[in-house]
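Just so you know, residue 1 is the first one in the sequence shown, and it goes up from there.
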Amino acid sequence: MSVRAHRAVLVRAHRAVGRALLRLPRLGGAVLTAVWAVTIYLLSDSSNPLPVAPPVPLFVNNMAHAPLFGFLCFLALVAAPRRMEPFPWPRIDRRTCTWILAAVLCYALFDEWHQSWVPGRDSSLGDVLTDLTGACSVLWVASGLGRPSFRTRSLVIRLVLCLAACASAAAIATWAMPAPQPR
């Protein structure tokens, strides 16, 4: 299979996942979003969520925020208003993005506040930065996938740039904005 064929499969697979989830009613998307928020809460309630050896763990722990909150954003898109033409997809406009990012920000701040009370954990605005970067990445990729003219090369470029942005945010959270030492 050629590189071009692999890329085409990548776009079709991403759209297929989105379309499958959009078969759920919006309320179902809201329930899944709430369930995932509880999952994040339970992970945050653990004194040692990622048992790996230093010096990697802090970066890995910070990097894990991006997919956790990116997936929260993804599920919120399932609950978002939808458009039906040219194919069913979340309506990703300024208003939807603002509401979703505001909700993710509020939950990220709550999560960090919660972690500040968990023995062995700390809170960091750098983690909030990584959370929002993950959410913005999902919105950017999903908005592209919602356009019929979106090319496979564009998806690959967006995915690579999003990964780099999330890694950069995690690096900032790890080394430029170190959190206070846990209690």
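- Of all non-hydrogen atoms in L101 and A135, the two that sit nearest each other are CD2-CB, 3.8 Å.
- Using cut-offs of 30° and 60° for the angle between ring planes, the F110 and Y107 rings count as tilted.
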Side-chain donor-acceptor pairs of residues 71-86 under 3.5 Å, sequence neighbours excluded:
unit_1 : atom_1 : unit_2 : atom_2 : d
R82    : NH1    : L22    : O      : 2.8
R82    : NH1    : L24    : O      : 2.9
R82    : NH2    : L24    : O      : 2.9
R82    : NH2    : V78    : O      : 2.7
R83    : NH1    : E85    : O      : 3.1
R83    : NH1    : F87    : O      : 2.7
R83    : NH2    : G146   : O      : 2.1

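- Closest of all the heavy-atom pairs between S137 and C166 is OG-SG, 3.7 Å.
- With sequence neighbours excluded, no residue satisfies ring-ring contact (aromatic ring centres under 6.0 Å, His included) with W140.
- The hydrophobic clustering, which links ILVMFWY residues whose side-chain heavy atoms are closer than 4.5 Å, places F69 and V35 apart.
- Residues L159 and I157 do not share a hydrophobic cluster, defined by chaining ILVMFWY side chains whose heavy atoms lie under 4.5 Å apart.
- Looking at residues two or more places apart in sequence or on another chain, you find a salt bridge (Lys or Arg N to Asp or Glu O under 4.0 Å) between D93 and R91.
- Using modelled atom types, no side-chain atom of W89 and backbone atom of R147 make a donor-acceptor pair closer than 3.5 Å.
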### Task
I would like to know whether H14 and F150 meet side chain to side chain contact (heavy atoms under 4.5 Å, CB included); could you show each step before the answer?
CA-CA 12 Å; H14 279 81; F150 193 61; over 6 Å; no
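- Here the side chain of R121 pairs no donor or acceptor atom with the backbone of D45 at under 3.5 angstrom.
- In this structure, D131 and L105 have side chains that are not in contact, with every pair of non-hydrogen atoms separated by 4.5 Å or more.
- The shortest distance between side-chain heavy atoms of C162 and V141 falls below 4.5 Å.
- In this structure, R151 places its CZ atom where only 12 or fewer heavy-atom neighbours from other residues, nucleotides or ligands lie under 6.0 Å away.
- Residues L68 and L43 come closest through the heavy atom pair CD2-CD1, 3.9 Å.
- With sequence neighbours left out, the side-chain contact (heavy atoms from CB on, under 4.5 Å) criterion links C97 to I92, L139.
- Of all non-hydrogen atoms in E112 and D122, the two that sit nearest each other are OE1-O, 3.9 Å.
- Not counting sequence neighbours, the partners of A170 by the side-chain contact (heavy atoms from CB on, under 4.5 Å) test are F59, N62, M63, T130.
- The hydrophobic cluster containing V31 does not contain I100, counting ILVMFWY residues as joined when their side-chain heavy atoms lie under 4.5 angstrom apart, directly or transitively.
- Among residues at least two apart or in separate chains, side-chain hydrogen bond (donor to acceptor under 3.5 Å, both in side chains) pairs with a member in residues 29-41 are Y41-H114.
- Hydrophobic clustering keeps L32 apart from L27 (ILVMFWY residues linked when any side-chain heavy atoms are closer than 4.5 Å, directly or through intermediates).
- Annotation: the span from H65 atom NE2 to T133 atom OG1 amounts to 12.0 Å, rounded to 0.5 Å.
- Each of L145 and L161 belongs to its own hydrophobic cluster when Ile, Leu, Val, Met, Phe, Trp and Tyr are linked at side-chain heavy-atom distances under 4.5 angstrom.
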